[in-house]
Undergrad: 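Just dropping this structure here.
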There are 2 protein chains.
Amino acid sequence: MSRGTIVDIANELKISPSTVSRALRDHPDISKKTKHRVIETAERLDYFPDSLAQGLKSRKTNTIGIIVPEIRHHYFSSAISGIEEVTYRSDFTIMVCQSNEDYQREEINLRALVSNRMAGLLISISQTTTSGGHFDILRRRGIPIVFFDRINDSIEGSQVIVNDYQGAFDAASHLAERGYKRIAHIAGPSTISIGRNRFLGYRDALEQHDLPFSSELVVEGGFRENDGKVGINKLLSLSKKPDAVFAVNDPVAIGAYSVLKERKFKIPDDIALVGFSNNPISALLEPPLTTVNQPSYEIGKTAASLLLEQIHSEEKHPVPVIKEYQTQLIIRKSS
Amino acid sequence: MSRGTIVDIANELKISPSTVSRALRDHPDISKKTKHRVIETAERLDYFPDSLAQGLKSRKTNTIGIIVPEIRHHYFSSAISGIEEVTYRSDFTIMVCQSNEDYQREEINLRALVSNRMAGLLISISQTTTSGGHFDILRRRGIPIVFFDRINDSIEGSQVIVNDYQGAFDAASHLAERGYKRIAHIAGPSTISIGRNRFLGYRDALEQHDLPFSSELVVEGGFRENDGKVGINKLLSLSKKPDAVFAVNDPVAIGAYSVLKERKFKIPDDIALVGFSNNPISALLEPPLTTVNQPSYEIGKTAASLLLEQIHSEEKHPVPVIKEYQTQLIIRKSS
DNA sequence: ATGAAAGCGCTAACAG
DNA sequence: CTGTTAGCGCTTTCAT
């Protein structure tokens, strides 16, 4: 089991560890000849720099923490892909955790990442996270944070988001303009930014189109496929069923979609359906799903760039930045 | 910017750092009273254990490295989800890298993970990785490795795989038994285990069903959606087109699928299609895709458990284990 | 152009 | 039950 440290190289060459360290980092003071000898010996001894020792010494690491509700959801895995793409080019590595939509687990993940001395955090909060108190430790330690998608207003931090309100407004308006009269909404938790904003966009679109708002047409749930199934079943049990449904995101829309198919409802003739996210799957359904595009990969890249900027910034507490992407309604055959 | 180290706690309480360290780790030698005082002070001073220092001291970390071709592909994000689920419960964190199907990038990722002193590696190799020389550093340093999905035989390591050969054999046999005569295969790289084995299963199934093997019916490509598009276009340009296609995986099948739809071929009447992976999307297509089930989430969990076992094992070089999951043909309407 | 020495935060002999 | 000491691997003044 080989080792190979800077000291080993130094002993081998009868020079001091500090010279080796400098040679390895291409310090101008060191002679070409010494550098060559050091590099050669380093390879021969199978030397690998120890990031732990470097981090301990310098009091900083090249590790970025990421916390998302669930890695396997397309939106998040796509964002993580984008993040990795950016961090890779800056020689940072990512530590990825999932909260499983659970506030406590989010907190535990956060502590683990702080212990690992992450240089910064990228997070999309869990659907059960209502207060942001646990993020205080980051501020106290000067660790920058960038929220993406699901933000938390109670703590200072940069944000990369989309105009959820407008996207939802467009989606619901589209349904109204198509002539649907009883437009329902399978909503996300109202405690979460995107849940609240998409609901507000929906509500205001109805008002704008002189459609009555009816609370029985709004069912609140989570962000997963199963929440869509539960939601649509509730709506279908109404004495006056909706003729169109706007779902808070694509997983929820797809849950509703599969129930509708199973129960032999024709989409869009019996019930129209609109989602939000533009998961790749939505285009391949039959009929393909009308949805609101959210560039998850790009959002990941932007969030990572923003975080890296703040990490490299001299400010101990950089001014929070908010980047808002514009959504785009993609009209397909389901509406 | 607060700090709070063991030494700070020690100074505060006028005791020694070692006592604090022991109290924090609930060492039996330390009195209840001291422990309480330490814990209380630790909280007051916002103490966080420093994993870097611990790792440097103990020469081991609680970090697992993961390298996959692309995080955003469903198969991999699902496996990563499973891995995280297991490592989370064992207080390990995961560092996730993507190779982008590029051998060189895989190597760079590997070096970064070694520098970070990962305790073990989980990897699905890139499609351009043909030799396993770069994994030698792991053996030299006693870092256990578990391959999943795409393995590399040239290096010793445990493996979590599925019976690719049998799965492919079943898929192609199914097409033969349905009466298709010109069954094509959009194959993966023959240099990669799963590409080779799935091809062999296909070839042997034809033979078993007395169908002639024709090399013009086999087009080799990569594992991505676009490879499916390219592949199907090649097949459609043959003077004698195939009447059925078996794709190396679901992304490739879906690429083919979208071209077929675009070009107005009826599935399965004009051309039947079978995939491999059982991505959730495959069930929702119209017609839904016949495919071979591969439990990616479970595979991730198993691979992680296996790796943790080896990490905790006393053996410096644990005997490699091979776990093979059985695939399952899922017959839907596309065949 | 190179070396000596100190220290990042923590733990584990060893000593008492 | 608690303290002293040394050291994990590296970088960085401060000499020379």
Side-chain angles (χ1 to χ4, degrees), chain A residues 1-39 41-42 45-63 111-112 114-119 141-142, chain B residues 1-39 41-42 45-63 111-112 114-119 141-142:
Chain A
M1 208 156 314
S2 89
R3 316 228 260 104
T5 73
I6 277 185
V7 175
D8 296 332
I9 300 174
N11 291 340
E12 186 89 1
L13 296 174
K14 311 279 185 223
I15 58 179
S16 82
S18 34
T19 302
V20 175
S21 173
R22 284 187 273 244
L24 252 14
R25 338 188 92 236
D26 204 24
H27 192 289
D29 275 1
I30 307 296
S31 71
K32 280 249 176 284
K33 184 162 148 259
T34 308
K35 277 181 188 166
H36 277 129
R37 298 206 307 144
V38 166
I39 308 259
T41 313
L45 296 189
D46 199 26
Y47 170 77
F48 265 70
D50 187 325
S51 299
L52 301 186
Q54 288 174 324
L56 182 59
K57 182 92 234 301
S58 65
R59 301 147 134 296
K60 57 192 167 66
T61 66
N62 280 232
T63 304
R111 301 182 73 84
V114 170
S115 267
N116 277 287
R117 295 289 180 262
M118 63 171 164
R141 306 179 103 77
Chain B
M1 209 156 313
S2 89
R3 315 227 263 103
T5 72
I6 277 186
V7 175
D8 296 332
I9 300 175
N11 291 340
E12 186 89 1
L13 296 175
K14 312 280 185 223
I15 59 180
S16 83
S18 38
T19 303
V20 174
S21 173
R22 285 188 272 246
L24 251 16
R25 338 187 92 237
D26 204 24
H27 192 289
D29 274 1
I30 307 297
S31 71
K32 282 247 175 283
K33 185 159 148 262
T34 308
K35 278 182 188 167
H36 278 131
R37 299 206 307 146
V38 167
I39 308 261
T41 314
L45 295 189
D46 199 26
Y47 171 77
F48 263 71
D50 186 324
S51 299
L52 301 186
Q54 289 174 323
L56 182 59
K57 180 92 229 304
S58 65
R59 301 147 134 296
K60 57 190 166 67
T61 65
N62 279 233
T63 304
R111 299 183 73 84
V114 170
S115 267
N116 277 286
R117 296 289 181 261
M118 63 171 164
R141 307 179 103 78

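We name chains A, B, ... by the order of the sequence lines, and we start the count at 1 in each one.
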Undergrad: Just jot down the side-chain hydrogen bond (donor to acceptor under 3.5 Å, both in side chains) partners of A:R37, sequence neighbours excluded, or say none.
TA: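 If we apply the side-chain hydrogen bond (donor to acceptor under 3.5 Å, both in side chains) test to A:R37, skipping adjacent residues, there are no hits.
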Undergrad: Sequence neighbours left out, what passes side chain to side chain contact (heavy atoms under 4.5 Å, CB included) with B:S21? Give chain and number order.
TA: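 Residues passing side chain to side chain contact (heavy atoms under 4.5 Å, CB included) with B:S21: B:I6, B:R25.
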Undergrad: Please report how far the helix from C:dA1-D:dT16 to C:dG16-D:dC1 bends, comparing the axis fitted to its first five pairs with the axis fitted to its last five, to the nearest 10 degrees.
TA: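 Comparing the axis at each end, I get an angle of 40°.
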Undergrad: Mind checking side-chain hydrogen bond (donor to acceptor under 3.5 Å, both in side chains) for B:T63 and listing every partner two or more places apart, or none if nothing turns up?
TA: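 Once residues adjacent in sequence are excluded, B:T63 has no partner under the side-chain hydrogen bond (donor to acceptor under 3.5 Å, both in side chains) criterion.
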Undergrad: Using the side chain to side chain contact (heavy atoms under 4.5 Å, CB included) criterion, which residues pair with B:S58? Sequence neighbours excluded.
TA: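 Partners of B:S58 by the side chain to side chain contact (heavy atoms under 4.5 Å, CB included) criterion, ordered by chain and then number, come out as B:K60.
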Undergrad: Would you grab the first and last nucleotide of DNA chain C (5' to 3') that comes under 4.0 Å of any non-hydrogen atom in chain B?
TA: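 Span of nucleotides near chain B: C:dG9 to C:dA13.
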Undergrad: List the residues meeting side chain to side chain contact (heavy atoms under 4.5 Å, CB included) with B:I39, not counting sequence neighbours, and say none if there are none.
TA: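 B:E43.
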Undergrad: Once side-chain hydrogen bond (donor to acceptor under 3.5 Å, both in side chains) is applied, do any residues pair with B:D50, and if so which ones, sequence neighbours excluded?
TA: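 side-chain hydrogen bond (donor to acceptor under 3.5 Å, both in side chains) check on B:D50 returns A:R117.
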Undergrad: Using the test side chain to side chain contact (heavy atoms under 4.5 Å, CB included), find all partners of A:K57 that sit at least two apart in sequence or belong to another chain.
TA: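 Testing A:K57 for side chain to side chain contact (heavy atoms under 4.5 Å, CB included), a comparison that skips the adjacent residues, returns none.
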Undergrad: Can you name the side-chain hydrogen bond (donor to acceptor under 3.5 Å, both in side chains) partners of A:T41, sequence neighbours left out?
TA: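 For A:T41 there are no side-chain hydrogen bond (donor to acceptor under 3.5 Å, both in side chains) partners, ignoring immediate neighbours.
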Undergrad: Reading nucleotides 8-16 of chain D 5' to 3', which nucleotides get B (base under 4.0 Å from a protein heavy atom), which S (sugar-phosphate only), which -?
TA: BBBBBB---
Undergrad: By a strict heavy-atom criterion of less than 4.0 Å, which residues belonging to residues 28-36 of chain B are in contact with DNA chain D?
TA: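 By residue number: B:D29, B:I30, B:S31, B:T34.
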